[in-house]
Amino acid sequence: MRRGVAVFGATGSIGRSTLAVLREHPDQFRLEVISAHANLERLNEILRVHQPRHVVITQSDQWKASQSLRAAFPAVVFHAGMEALNDLAAMPEVEIVVASIVGAAGLRSTLAAVRAGKQVLLANKEALVMAGTLVMAEAARTGAIILPVDSEHNAIFQCLPHAYRTGQTIPGLHQLILTCSGGPFRTLETQALQHVTPEMACQHPNWSMGAKISVDSATLMNKGLELIEACHLFAVAHTQIDVVVHPQSVVHSMVEFQDGSVLAQLGSADMRIPIAFSLGYPARLSIDAPRIQWQDLRTLEFESPRHEDFPAIELARASYAEGDDRPLVLNAANEIAVAAFLSGQIRFPEIMAITLECLNRLPRQPISVVDEMIVRDAEVRGLAKQLVEISVCS
Ligand code: NDP
Ligand code: MG
């Protein structure tokens, strides 16, 4: 029996890697649903190679522009708008949902897949940062299996006992150790950070990824978001998570148990590996990914993050510790600031300054239901955009 797969955010970097793995195993998987937002060119390429039954064009403005593409693939059912994802996630034909839309925009569809009790391959870490308590509670209620695609969390999951499910506490745990490449500016002098460009920030030394997560990796906010993600996925206190910079990105993360044993998962820096693990789970799929060349691997280095120059990890940790809407505010402000940096409106250090300013200006609020989260998210974005404007003018 082939398993039905939906890939939300199929036109992105994770989407591409997922489709590559699926293509290697046509006997095991059937592509039921894909979504694209603005990139119709990539959607066209995908449709030439893959045969999904349903395509969702989430950005409604693109519907008209997609007319000729829709005409070219008459066997495919096309849908317009984000809401279609929620219904398609719940279809009985869909067993696995790959949640790989970037940012807060992915929250509702991720939650829909969890509420429908699917096997959810979670790349969209922002959904957990915003609404981790709710998402994990819904998974416990419906029996949805959340499998982390993020390489660090996937590594941790692989180091845990076979019967372990995300959301449960880890027996005998001492701490989780998240590894962090340090990003492209790991060794750059403080002053030079003022002048780095979006192109420089997107040149990650080890991984090829979408623009937003590449900038997050450069500010180390990616590791901050991942720290919060890990707290939710593995039911651990933030004080039980350490972050260590490991420039080679070979050790993808580690689990230290109370007896002093440390387990790690190693592999090439290729997202097809954690994706294949999660698609095949609990079996292993064979894939054509690069293997570690042990003879060429001279050193594995580990060092502390430069928190003074890259305050994002500690800011995320403090936001999580404070609770309520703090992680949501952190995430929304960061998304706007990163977009402003990518479009050349602000400088690199202002990403963190704007995020911090939003956290300071907006008083802490409890939030528990999605509608409240969406309202709060919009409010934060409004303030962050104003701060970008002020920053552009000064
Ligand atoms: P990309 O920017 O490459 O892709 C994002 C995807 O989301 C695209 O399909 C895009 O559509 C779609 N999208 C963008 N905005 C919206 C929106 N408002 N509504 C609906 N769909 C939208 O990102 P990545 O693939 O790099 O990252 C995806 C997620 O996975 C992120 O949460 C990231 O943090 C996480 N992740 C990524 C890793 C990586 O290696 N890339 C590693 C670990 C986690 P379109 O292109 O058509 O506009
Ligand atoms: Mg990661």
Side-chain angles (χ1 to χ4, degrees), residues 6-20 33-47 55-62 65-66 69 79-86 98-110 120-130 147-157 178-181 183 202 204 206-217 220-230 233 243 246 249 251-253 265 268-275 278 331 334-335 338-339 342 374 377 381:
V7 185
F8 295 167
T11 41
S13 164
I14 292 287
R16 182 184 286 273
S17 298
T18 305
L19 295 176
V33 184
I34 60 170
S35 87
H37 195 59
N39 194 347
L40 296 182
E41 210 176 298
R42 175 69 190 138
L43 176 60
N44 191 3
E45 278 171 27
I46 293 171
L47 290 174
V55 170
V56 182
I57 298 176
T58 46
Q59 189 169 31
S60 304
D61 301 358
Q62 297 292 331
S66 69
L69 188 128
H79 309 254
M82 288 294 281
E83 292 70 33
L85 295 178
N86 306 345
V98 183
S100 55
I101 288 176
V102 60
L107 174 61
R108 276 196 198 273
S109 55
T110 301
V120 181
L121 273 54
L122 188 80
N124 177 218
K125 65 190 82 180
E126 296 89 349
L128 275 194
V129 171
M130 292 174 77
L147 296 171
V149 164
D150 214 347
S151 59
E152 296 76 4
H153 308 74
N154 187 272
I156 289 167
F157 188 75
L178 288 179
T179 54
C180 168
S181 70
C202 288
H204 196 278
N206 307 331
W207 299 92
S208 152
M209 310 182 283
K212 192 260 177 182
I213 185 176
S214 295
V215 177
D216 283 348
S217 299
L220 301 202
M221 180 55 91
N222 183 45
K223 213 49 55 183
L225 300 179
E226 289 183 353
L227 187 147
I228 299 174
E229 182 185 10
L233 281 172
V243 175
H246 165 48
S249 294
V251 176
H252 294 306
S253 276
Q265 184 262 354
S268 312
D270 188 320
M271 286 308 291
R272 285 176 298 169
I273 296 173
I275 291 168
S278 318
N331 179 65
N334 178 61
E335 281 192 32
V338 168
L342 281 169
I374 305 286
D377 181 76
R381 283 164 199 270

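First listed ligand is number 1; within each ligand, the first listed atom is number 1.
Within Glu226, the N, O or S atom lying nearest to the Mg ion (ligand 2) carries the name OE2. Taking the Mg ion (ligand 2) as reference, Asp150 places its N/O/S atom OD1 nearest. For the Mg ion (ligand 2), the nearest N, O or S atom contributed by Glu152 is named OE1.
At a 3.5 angstrom cut-off on N or O pairs, Met209 does not count as close to ligand 1. Every N/O-N/O distance between Asp150 and ligand 1 stays at or above 3.5 Å. Of the polar atoms of Ser13, at least one N or O is found under 3.5 Å from an N or O of ligand 1, judged by distance alone. The shortest N or O to N or O distance between Met82 and ligand 1 is not below 3.5 Å. Taking any N or O of Gly9, backbone or side chain, at least one lies under 3.5 Å from an N or O belonging to ligand 1. Considering backbone and side-chain N/O atoms, Met271 never comes within less than 3.5 Å of an N/O atom of ligand 1.
The backbone N or O of Ala104 sits nowhere less than 3.5 Å from a side-chain atom of Asp377 that would complete a donor-acceptor pair. Side chain of Gln265 to main chain of Ala155: no donor-acceptor pair is present (N/O by atom type, distance under 3.5 Å, no hydrogens or angles). Side chain of Thr11 to main chain of Leu43: no donor-acceptor pair is present (N/O by atom type, distance under 3.5 Å, no hydrogens or angles). Without hydrogens or angle criteria, Ser109 side chain to Leu85 main chain gives no donor-acceptor distance under 3.5 Å. When atom types are taken as modelled, the side chain of Asp150 and the backbone of His153 share no donor-acceptor pair closer than 3.5 angstrom. With hydrogens and angles ignored, the 3.5 Å screen pairs no side-chain donor or acceptor of Ser278 with any backbone N or O of Leu147. Remark: side-chain polar atoms of Thr58 are paired, donor with acceptor, to backbone N or O of Ala36 under 3.5 angstrom.
Counting only heavy atoms from C-beta outward, the side chains of Val215 and Leu342 approach each other to under 4.5 Å. Under the 4.5 Å side-chain criterion, counting only non-hydrogen atoms from C-beta, Asn334 is in contact with Asp216. Between Asn331 and Ile228, the closest side-chain pair of non-hydrogen atoms is not below 4.5 Å. At least one side-chain heavy atom of Ile374 sits under 4.5 Å from a side-chain heavy atom of Arg108.
For atom 48 (O) of ligand 1, the nearest non-hydrogen atom of the protein is Ala38 N, 2.9 Å. At the shortest separation from atom 14 (C) of ligand 1 among protein heavy atoms lies Val102 CG1, 3.7 Å. Residue, atom and distance of the protein heavy atom nearest to atom 34 (O) of ligand 1 are Lys125 CE, 3.3 Å. In terms of protein heavy atoms, atom 4 (O) of ligand 1 is closest to Gly12 CA, 3.1 Å. The protein heavy-atom contact nearest to atom 13 (N) of ligand 1 is His37 CB, 3.7 Å.
Scanning Asp216, Val7, Thr11, Thr18 for the heavy atom closest to atom 11 (O) of ligand 1 points to Thr11. Taking only non-hydrogen atoms, the option from Pro148, Gly210, Ala99 nearest to atom 2 (O) of ligand 1 is Gly210. Among Ile213, Thr110, Ile101, the residue whose heavy atom lies closest to atom 29 (C) of ligand 1 is Ile101.
Heavy-atom distances between Lys212 and ligand 1 stay at or above 4.0 Å for every pair. Residue Ser100 places a heavy atom under 4.0 Å from ligand 1.
Listed by atom number, the atoms of ligand 1 under 4.0 Å from Ile14 heavy atoms are 25 (O), 30 (O), 37 (C), 38 (C), 39 (C), 40 (O), 41 (N), 42 (C). Using a 4.0 Å cut-off to heavy atoms of Asn124, the atoms of ligand 1 that qualify are 32 (O). Taking a cut-off of under 4.0 Å to the non-hydrogen atoms of Ala123, the atoms of ligand 1 that pass are 30 (O), 32 (O), 35 (C), 36 (N), 44 (C). Close approach to Thr58 involves these atoms of ligand 1, each under 4.0 Å from a residue heavy atom: 20 (C), 21 (N). When each atom of ligand 1 is checked for a heavy atom of Ala105 under 4.0 Å away, the hits are 17 (C), 18 (N), 19 (N). The ligand atoms of ligand 1 that sit less than 4.0 angstrom from a heavy atom of Glu126 are 31 (C), 32 (O), 34 (O).
Salt-bridge annotation for Lys125 and Glu152: absent, with no side-chain N of the basic residue lying under 4.0 Å from a carboxylate O of the acidic one.
The neighbour count for Arg272 CZ, taken as heavy atoms of other residues, nucleotides or ligands under 6.0 Å away, is above 12.
Looking at Asn39 against ligand 1, both its backbone and its side chain come within 4.0 Å, counting heavy atoms.
The two atoms that bring Ala269 and Asn206 nearest to each other are CB-O, 3.7 Å, heavy atoms only.
Between atom CG of residue Leu178 and atom CD of residue Glu226 there is a gap of 6.5 Å, rounded to the nearest 0.5 Å.
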